[in-house]
Number of protein chains: 2
Amino acid sequence: MDTVTGLETRELRYFVAVAEELHFGRAAERLGMAQPPLSRAISQLERRVGATLLDRTSRRVTLTEAGQVLLEEGRAALEAVEAAGRRAQRAALAATGQASVVLTAKAGASSELLAKLLDAYAAEPGAATVDVHLCGPGEQERLLRDGRADVALLHRPFDATAGFDTEDLVTEGQVVLLPAGHPLSLRSEITLAEVAELPGLPLPRWPRRDGSFADGPGPQVRDHTQVLQLIALGRACAVLPESAAATLGRDLSAVRVSDAPDVTTVIAWPAHSRSRAVAGLVQAALRL
Amino acid sequence: MDTVTGLETRELRYFVAVAEELHFGRAAERLGMAQPPLSRAISQLERRVGATLLDRTSRRVTLTEAGQVLLEEGRAALEAVEAAGRRAQRAALAATGQASVVLTAKAGASSELLAKLLDAYAAEPGAATVDVHLCGPGEQERLLRDGRADVALLHRPFDATAGFDTEDLVTEGQVVLLPAGHPLSLRSEITLAEVAELPGLPLPRWPRRDGSFADGPGPQVRDHTQVLQLIALGRACAVLPESAAATLGRDLSAVRVSDAPDVTTVIAWPAHSRSRAVAGLVQAALRL
DNA sequence: GGGCAGCGATACCGTGGAGGTATGGACACC
DNA sequence: GGTGTCCATACCTCCACGGTATCGCTGCCC
């Protein structure tokens, strides 16, 4: 019953590649190896786990139940291994004073909070230097998970905080950003349904994790300034947390969206982090 | 900068063994191998991570900063890999209808809640069979982390819920259990300080994670019934959540402890669990 | 201080297994 | 039935993992 598996990351990497491609040949190519050894490695993995992971005919490869589970969990496990290596690496650099704690935040969001946090932490005795890593939406989660970052500012309910420790910092409502002078910009409130129907002002489309875009009418965007620019040009509108609209230029105006869910900015870190610098940052954030 | 590490679990296992033993010879023995290949594997790992992990003289081995980080993170990563294998294994069994979701709870705690939960879930259409795994304090966390269990009932603030998704179920105060007829058993409330001073009734000592016991006057205990028995015998007292005292025999009595922290029973599951059965259990728990 | 014991590193060697090439066999499509 | 696609099998090669022997350093004890 207690079959000790003892999987190797190599096997997991192979399996994830095949499970993602659902094609041994392409997976082998992606892994930079020939197809036969890959086939063998997978069947060996199946023997070791004691379960069929892939149903394969010569025409089609599909995941079994067990395979789906292993894909999901295997990805997480691989990320954990990567994270371990990277964090050790960075700990060594930090010890020699070359680098330090990496904080990641969504570019353009919570910038005021971020500035206050950095100031407050820097004022503490023995504060480490903080590298700030601004990135696109959804990317922070990955950075935190795979060890390239130590702390993140995330926004519920948009970002997945599963598996991290978090502390809530601030909760705020959302507003819709409109071109200045838009007829509705004088309203005191608006509903999501109304926003969705705004003629000529579709919501922009953000890239998904794999970089592709969902279908729809809105313009494709990759970062925050693009959005602001598109709104100013009268080609789009956007629903954002109030603080993101705090420092608006004259060409934009904001209207509160009454039925949009509240957004909570949280500070998040890997569950078992023992870093003094991370703890200090969290303390500083809570004192704000 | 973006040095892709590509660690293997074998290397991590070796490192964790050495880091725990702080002795290459003993670690090699524990791993069932000779010492020289272990030394080599570690230095190879150090080259790969790009950092010294262990400071070694011929007399003493100590962890560097980076080593401490890798020990902590590496353990977690190894557990994640194990968990991936085990969960895939169990998913295969579940698909053939042989086994199913494993729920773990502290033996003797929340038994009424547990019974209600199992009943409520079993009444649902399409409910999977639930294996209940009762275990000693602190053990559930490990089971959940390494994939032997799918859901756990945990008790804040005693159990570490870091890295899991949780939902709060009930919060309750704590009581001290005394032998029936004890002079203080007629009091309506008592303080922790008073409990600590009770003449002849020390608090029992639970085993730590490694199985050893802290020093102190109290009797060593390993499970809940031992505690109840010792109290009935007039050899100890214990501070427990109210619900644990709900079904007392005639030989025990409970007094509310006014300044003990509230205990929250939570249902916890691995952060990225996609299992329908787990989701169903959580739903059922929240409806209680 | 010299001898000794403990411990990690180095040198060298053998074997298992990971990966490569060639080919077989099943299936879909024309 | 021919052909192309795709995974599995057969067979070979070579690297690297693990084993044995030994060195070199360090602290300890007489």
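Note that the structure is a prediction, hence the values are computed from the model and not measured. The sequence lines fix the lettering, A, B, ..., with proteins before strands; numbering per chain opens at 1.
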Is [X] salt-bridged to [Y], cutoff N-O under 4.0 Å?
{"X": "R48(B)", "Y": "E11(B)", "answer": "yes"}
{"X": "D159(B)", "Y": "K106(B)", "answer": "yes"}
{"X": "E20(A)", "Y": "R13(A)", "answer": "no"}

Which heavy atom of [X] sits nearest a heavy atom of [Y], and at what distance?
{"X": "L144(A)", "Y": "A268(A)", "answer": "CD2-O, 3.8 Å"}
{"X": "P219(A)", "Y": "P202(A)", "answer": "CD-CG, 4.0 Å"}
{"X": "A91(B)", "Y": "V69(A)", "answer": "CB-CG2, 3.5 Å"}

Take the protein atom [atom1] of [X] and the nucleotide atom [atom2] of [N], then report the distance between them rounded to whole Å.
{"X": "E46(B)", "N": "dG8(C)", "atom1": "CD", "atom2": "C1'", "answer": "12 Å"}
{"X": "L54(B)", "N": "dA9(C)", "atom1": "CG", "atom2": "C1'", "answer": "14 Å"}
{"X": "F15(A)", "N": "dC7(D)", "atom1": "CZ", "atom2": "C1'", "answer": "16 Å"}
{"X": "L38(B)", "N": "dC7(C)", "atom1": "CG", "atom2": "P", "answer": "14 Å"}
{"X": "E29(A)", "N": "dG20(C)", "atom1": "CD", "atom2": "C1'", "answer": "16 Å"}
{"X": "R10(A)", "N": "dA18(C)", "atom1": "CZ", "atom2": "C1'", "answer": "6 Å"}
{"X": "E8(A)", "N": "dG19(C)", "atom1": "CD", "atom2": "P", "answer": "12 Å"}
{"X": "D55(B)", "N": "dG8(C)", "atom1": "CG", "atom2": "P", "answer": "13 Å"}

*Quick one: is S39(A) getting a side-chain N or O under 4.0 Å of the dC7(D) phosphate, OP1 or OP2?*
no
*So, R87(B) side chain and A149(B) main chain: donor-acceptor pair closer than 3.5 Å or not?*
yes
*Is T161(B) reaching over with its side chain to a backbone N or O of R156(B), donor-acceptor style, under 3.5 angstrom?*
no
*Check every strand shown and say whether Q44(A) touches a base, only sugar-phosphate, or nothing at a heavy-atom separation below 4.0 Å.*
sugar-phosphate
*Listed partners of E79(B) passing side-chain contact (heavy atoms from CB on, under 4.5 Å), at least two apart*: R142(B), R145(B), D146(B)
*Scan nucleotides 20-30 of chain D nucleotide by nucleotide, 5' to 3', and note B when protein non-hydrogen atoms come under 4.0 Å of the base, S if they reach only the sugar-phosphate, - if neither.*
BB---BSS---
Under 3.5 Å, which protein N or O atoms sit close to an N or O of nucleotides 12-15 of chain D? Give each pair with its distance.
none

*Taking for each residue the nucleotide of DNA chain C bearing the nearest heavy atom, is the 5' side occupied by M33(A) or by R56(B)?*
R56(B)
